[in-house]
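Order of the sequence lines fixes the chain letters, A, B, ..., with proteins taken first and strands second; residue numbering starts at 1 for each chain.
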There are 2 protein chains.
Amino acid sequence: MATQLEPAVPREGTGRKKLLAAALDLFAERGVSGTSLQMIADALGVTKAAVYYHYKTKDDIVLAVVSPAIEELAAIAGEAERKRSRTAQVETVLVGIVDLIVRNRSLYAVLQGDLTAIHILREHGAFPELSNRILALIVGPDPDPGTIVAASILLSGLHEAGFGPRVAGIGDEELRGHMLDCARRLLRHRRPSAATA
Amino acid sequence: MATQLEPAVPREGTGRKKLLAAALDLFAERGVSGTSLQMIADALGVTKAAVYYHYKTKDDIVLAVVSPAIEELAAIAGEAERKRSRTAQVETVLVGIVDLIVRNRSLYAVLQGDLTAIHILREHGAFPELSNRILALIVGPDPDPGTIVAASILLSGLHEAGFGPRVAGIGDEELRGHMLDCARRLLRHRRPSAATA
DNA sequence: GTCTATACATGGATAGAC
DNA sequence: GTCTATCCATGTATAGAC
């Protein structure tokens with residue numbers, strides 16, 4: 001189920017968990033390729049070799065950081081695909097993604113925003129068509145261009161809206177509500193779509 | 001680092017322009033820090049040193065690539081700030097930005113999406129508060145959180161919506177229309193019920 | 001003016017001491 | 001398990017040949 005309260009990447013803990021938390025902070029601030037293993041080591045007060053003890057490569061760290069979110073996304077997509085009504089599909093995706101973003105604000109920004117991260121995910125076969133699956137769930141079959149544009153703005157806009165300093169002062173519950181509100185406003189197109197077919 | 005103005009008259013022509021075009025393509029695809037000078041040189045069929053002949057540093061290339069867009073953004077902000085009605089201010093910003101994005105689809109993605117690029121801009125004093133100026137123009141004075149969220153989604157969503165493969169098949173004029181449509185839908189908020197806060 | 005050659009730093013990664 | 005020392009590739013940048 002998509003409704004759990006813990007962030008995907010724990011902020012406390014020992015060994016790997018602290019490493020992942022530090023890496024996430026740096027990734028979110030500097031980008032993946034703007035973050036060196038040295039920086040991660042420094043943030044933890046250890047040496048590069050200590051980092052390599054936990055993960056064999058930098059790519060592994062990136063994957064470890066983002067894969068919880070990817071798995072959750074996949075679960076959301078799967079859950080939505082099992083719904084039969086279009087309305088329920090869209091709603092499941094929206095609520096699931098917004099929830100995921102709000103629960104761990106910076107993680108999703110890395111996932112969606114960083115081209116290096118996206119390349120790494122592609123190379124390792126993670127989320128190949130997941131992104132398209134989610135878009136398809138939102139726009140439905142035979143979407144008109146206006147819907148595609150709206151969904152694109154929505155999907156890429158949500159991530160920054162969850163992370164940027166602009167919304168830092170807004171509480172989780174309220175942010176969640178506003179995001180869903182925006183999503184519904186964007187997707188409620190007043191075009192009957194009868195014209196095309 | 002003296003403020004030596006470069007040979008301001010790019011008389012010999014297409015050298016730099018081709019370089020900037022190649023750099024932009026790579027930045028848009030791999031990100032700034034994922035792009036090496038070697039890649040740029042290879043794309044042009046020259047050597048790294050030839051690239052250094054045109055620009056002294058990599059940062060200079062980044063600045064040269066994005067500064068036309070920044071200047072346009074600044075002009076848009078300035079024009080909007082001179083309008084007296086709020087409606088005209090918002091409209092000027094929206095139309096200006098959407099226009100800029102559509103005219104130049106990948107450039108804006110680099111500008112907004114790449115953390116390395118943003119760091120470079122900050123370090124060189126370019127667009128310090130430009131981003132905040134534009135947000136302020138859109139949300140107006142004393143914005144409620146819902147408006148801030150909507151504007152954040154909009155501003156960060158537009159760039160990917162202008163560049164991503166999803167919209168690649170949509171013509172400029174149509175894309176422009178849909179983007180403006182989305183923007184207006186997002187910003188036309190009904191006030192949240194007073195009970196909540 | 002353009003490239004060759006190269007300096008110099010950093011980054012990723014490994015072997016092995018403790 | 002964690003760190004020291006180190007290797008090697010790459011990246012930025014420069015000096016100087018042509």
What is the distance from OH of A:Tyr52 to P of D:dA5, rounded to the nearest Å? 19 Å
Taking OH from B:Tyr55 and C1' from C:dT2, how many angstroms apart are they, rounded to a whole number? 17 Å
Would you mind reading off the distance between B:Asp60 atom CG and D:dA13 atom P, rounded to a whole angstrom? 9 Å
What is the distance, rounded to the nearest whole Å, between atom CZ of A:Arg30 and atom P of C:dG11? 10 Å
Beyond-backbone contact of B:Leu115 with A:Arg30, side-chain heavy atoms, under 4.5 angstrom: no
Less than 4.0 angstrom from a charged side-chain N to a carboxylate O is my criterion; do B:Glu91 and B:Arg184 meet it? yes
Counting the atoms with a prime plus P, OP1 and OP2 as sugar-phosphate, which does A:Ser36 contact under 4.0 Å by heavy atoms, base, sugar-phosphate, or nothing? sugar-phosphate
Between B:Ile61 (CD1) and D:dT12 (P), how many Å, whole number? 9 Å
Pick the closest DNA chain D nucleotide for A:Lys48 and for B:Leu37 by heavy atoms, then say which residue is nearer the 5' end. A:Lys48
Can you tell which of D:dT12, C:dT4, D:dC3 lies closest to the side chain of B:Lys58? D:dT12
Using atom OH of A:Tyr53 as one end and atom C1' of C:dC18 as the other, report the distance to the nearest whole Å. 15 Å
Just compare C:dT2, C:dA13, C:dT4 and give me whichever is closest to any side-chain atom of B:His54. C:dT2
Between D:dA13 atom P and B:Asp59 atom CG, what is the distance in whole Å? 7 Å
Of A:Lys56 and A:Met39, the one whose closest nucleotide on DNA chain C sits nearer the 5' end is A:Met39
In whole Å, I'd like the distance from the CD atom of B:Gln38 to the P atom of C:dT4. 11 Å
Under 3.5 Å, which donor-acceptor pairs link side chains of residues 64-72 of chain B to any protein atom two or more places apart or in another chain?
from	atom 1	to	atom 2	distance (Å)
B:Ser67	OG	B:Leu63	O	2.9
B:Glu72	OE1	B:Arg103	NH2	2.5
B:Glu72	OE2	B:Arg103	NH2	2.8

Answer yes or no: is there a donor N or O on one side and an acceptor on the other, between the side chain of A:Ser156 and the main chain of B:Gly157, under 3.5 Å? yes
